[in-house]
Amino acid sequence: MSSHLPAALLDSLAGLPGYNRETFERVHAAAEKITSLRLNPLKITTPERAQQVLQALSANGVQRVPWSNEGYYLPARPSFTFDPYFHAGAYYVQEASSMFLEQAVRATVDLSAPLKVLDLCAAPGGKSTLLQSLISEDSLLVANEVIKPRAALLADNLTRWGAANVVVSNNDPRDFSRLPGYFDLVVVDAPCSGSGLFRRDPELVSEWSPENVTLCSQRQQRILADILPAVKEDGVIIYSTCSFSAEEDEVILDWLADHFELENITIPLDAAWQIIPTVTTKRNCTGYRFYPDLLKGEGFFIACFRKKGSSQFIRRQKEAKQVAINARQRELVAPWVNMPASWQYFLHQDEVLILPPLLATDITMLQQQLYIRKAGVKAGQLGQKELIPDHQLAASTILAEILPAVSLNLQQALLYLRKEDPGVTTDIRGWALVSYEGMHLGWAKFLPNRMNNYYPKELRILKEING
């Protein structure tokens, strides 16, 4: 059978659990395109709304991703760019195999407890949005990306998701050593050689080489060694790649067990999922392999460990305090939001941030140790007589219900998302939410003769609208 896959890769996989060269090559030659997404439980709160969103994406043929509570396969890939539900944060387009992170988290931590969670290699945001959907409202997620432009994309995607208990940071893994024993859960979806994505992105094939696999394995070891001090005693680290190579998967598990006090954790599986457990020959560590010829998803590998030994976080006593807003400023902001009484307002360069309790307690310490790109929800900028609302507030789930809103049809919504005038008429004067099918897209300010479109320039649709 002819194959575009590197012979060195195929030969290196021989003998690995679940690997069948013939069916492996066949499924890659077929190059089936699989599209999957996860609904946002913060915004899609009823079965009826879920059905409405899925129906808009596909008239029929939607199937559940079996290991994800909110995951769905679509029969074909629609144009997400021209779907207002996408821009409103109704769902995240995510590869199905990687949604298995949900099972790993449920098997390893108590999701009813307030957790401090780090997604270390987080961009573009699939695993971060998944983690945020799992943790409690009084938990904290730090989503980190070392590459600056990708950190900006990560922040945009988490803004669209709408949660307040999230920080986006732009740091090297070694920087987190300044937070020893801080995190209950750390997810490391490590940079890898990418062989698990060859079917989805054939251009990656030309970049693959045994030498690159070795370089990636060395990088993965550095990342893990750098981040492990930040995991608390009895905390959990989840390691994953989109590589089939044992050097980046099973070998890394043995390396972790050899060099650190870690206890491997197994994940319950349903046999019907066709996920393949693999046990390392040296230290009997269990990981899980995903093959596209066995299941409906791309190549993926994941494993879990619990940290042993003493590593407790010690809070520094002398920390600068955030600036709280005064009574007059609170009067300007309060009509815009509906949030729990325990949440707090803070001022940052004339901008009002809204932070849940755990984030409010730790934000100063995090700012001292990390480069923070986004924290909580930015309500807006304080003017002399009014709040100038920020897009983060429009995308959030803490908006006051009484705010004026203008509902757009599909064509009008797409014009708004292009940062153009959708041509609506309304009696509203001043600030208003712009919505599509009850989901908020952003802000506009209505004047007697025109509408000012406040959709962020950097988020606007640049492609032409057909039809």
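Of the possible donor and acceptor atoms, one in the side chain of Ser97 sits under 3.5 Å from a partner among the backbone N and O of Glu298. Side chain of His391 to backbone of Arg160: no donor-acceptor contact under 3.5 angstrom is found. Checking side-chain atoms of Ser68 against main-chain N and O of Val65 turns up no donor-acceptor pair under 3.5 Å. Tyr371 places no side-chain N or O within donor-acceptor distance of the main-chain N or O of Asn171, the cut-off being under 3.5 Å. Lys374 places a side-chain N or O within 3.5 Å of a backbone atom of Gly376 that can act as its donor or acceptor partner. No side-chain donor-acceptor contact under 3.5 Å links Ser243 to the backbone of Ser195. Not one N or O on the side chain of Asp189 forms a donor-acceptor pair closer than 3.5 Å with the backbone of Cys121. Of the possible donor and acceptor atoms, none in the side chain of Arg199 sits under 3.5 Å from a partner among the backbone N and O of Gly196. Counting only distance, with no hydrogens or angles, the side chain of Lys378 and the backbone of Asp390 share no donor-acceptor pair below 3.5 Å. With hydrogens and angles ignored, the 3.5 Å screen pairs a side-chain donor or acceptor of Asn326 with a backbone N or O of Gln329.
Of the candidates Leu118, Leu120, Leu228, Val188, Leu120 is the only one forming a side-chain contact (heavy atoms from CB on, under 4.5 Å) with Pro173.
Lys232 has a carboxylate O that lies under 4.0 Å from a charged side-chain N of Asp184, or vice versa, which qualifies the two as a salt bridge. Salt bridge Lys127/Asp119: absent, no basic N to carboxylate O contact under 4.0 Å.
To the nearest 0.5 Å, the span separating CD on Glu233 from NZ on Lys308 amounts to 7.5 Å. The distance from atom CG of Leu417 to atom CZ of Arg460, rounded to the nearest 0.5 Å, is 12.0 Å. The distance from atom CG of Leu355 to atom OH of Tyr345, rounded to the nearest 0.5 Å, is 11.5 Å. Rounding to the nearest 0.5 Å places CD1 of Ile265 at 4.0 Å from CZ of Arg306. Expressed to the nearest 0.5 Å, how far CD of Gln381 lies from CG of Leu347 amounts to 10.5 Å. Atom SG of Cys216 is separated from atom CD1 of Ile223 by 9.0 Å, given to the nearest 0.5 angstrom.
Open room surrounds CD1 on Ile402; 12 or fewer heavy atoms of other groups in view lie less than 6.0 Å from it. In the displayed structure, Glu458 atom CD is contacted under 6.0 Å by more than 12 heavy atoms of other residues, nucleotides or ligands.
For residues 144-156, the set of pairs meeting the side-chain hydrogen bond (donor to acceptor under 3.5 Å, both in side chains) definition, not counting sequence neighbours, comprises Asn144-Ser169.
Residue Arg373 comes nearest to Ala151 through the heavy atom pair CD-O, 3.7 Å, listed as atom of the first residue, atom of the second, then distance. Nearest heavy atoms, Ala432 versus Val406: CB-CG2, 4.4 Å. Nearest heavy atoms, Phe446 versus Met451: CE2-CG, 3.4 Å. Of all heavy-atom pairs between Leu115 and Ser139, the closest is N-OG, 2.8 Å. Contact record, Thr45 with Pro41: CG2-O, 3.6 Å, taken as the closest heavy-atom pair. Tyr92 and Gly125 make their closest contact through OH-N, 3.4 Å (heavy atoms, listed as atom of the first residue, atom of the second, distance).
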For a side chain to side chain contact (heavy atoms under 4.5 Å, CB included) check, start with the C-alpha distance between Phe183 and Phe176, then their side-chain angles and the critical distance, and finish with the verdict.
CA-CA 10 Å; Phe183 292 102; Phe176 288 89; 3.9 Å; yes
Derivation and outcome, side chain to side chain contact (heavy atoms under 4.5 Å, CB included), residues Tyr182 and Asp362
CA-CA 11 Å; Tyr182 181 75; Asp362 286 3; 2.5 Å; yes
Please evaluate residues Arg106 and Asn69 with respect to the criterion side chain to side chain contact (heavy atoms under 4.5 Å, CB included), reporting the C-alpha separation (whole Å), side-chain torsions for both, the decisive distance (0.1 Å), and the verdict.
CA-CA 12 Å; Arg106 292 188 184 280; Asn69 284 357; 3.2 Å; yes
Tell me, with the steps shown, if Ile44 and Met439 meet side chain to side chain contact (heavy atoms under 4.5 Å, CB included).
CA-CA 10 Å; Ile44 307 301; Met439 302 203 70; 4.1 Å; yes
Trace of the ring pair (Phe, Tyr, Trp, His ring centres under 6.0 Å) decision for Phe260 with Trp255
CA-CA 8 Å; Phe260 304 96; Trp255 177 84; 5.4 Å; yes
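At a cut-off of 3.5 Å, with distance as the only test, no side-chain donor of Thr129 or Asn40 sits close to an acceptor on the other residue.
Two residues are said to be in side-chain contact when any heavy atoms from C-beta on lie closer than 4.5 Å; Asp83 and Pro78 fail this criterion. Side-chain contact between Glu70 and Ser133 is absent, with no heavy-atom pair separated by less than 4.5 Å. Residues Trp273 and Leu295 are not in side-chain contact: their nearest non-hydrogen atoms beyond the backbone lie 4.5 Å or more apart. Side-chain contact between Val53 and Glu437: absent, with no pair of heavy atoms (C-beta onward) separated by less than 4.5 Å. Leu359 places none of its side-chain heavy atoms less than 4.5 Å from the side chain of Asn165. At a threshold of 4.5 Å between non-hydrogen side-chain atoms, the residues Phe301 and Glu248 do not count as touching. No side-chain heavy atom of His259 sits under 4.5 Å from any side-chain heavy atom of Gln221. Annotation: side chain of Leu39 is not in contact with side chain of Arg49 (no heavy-atom distance under 4.5 Å).
Ring orientation note: the planes of Phe86 and Tyr91 are tilted relative to one another, at an angle of 30° to 60°. Between Phe100 and Tyr288, the two ring planes are tilted [angle within 30° to 60°].
Cation-pi geometry between Arg418 and Tyr455 is not met: the NZ or CZ atom fails to fall both under 6.0 Å from the ring centre and inside 45° of the normal.
By the salt bridge (Lys or Arg N to Asp or Glu O under 4.0 Å) test, Glu137 is found to be paired with no residue, residues two or more places apart in sequence or in another chain being considered.
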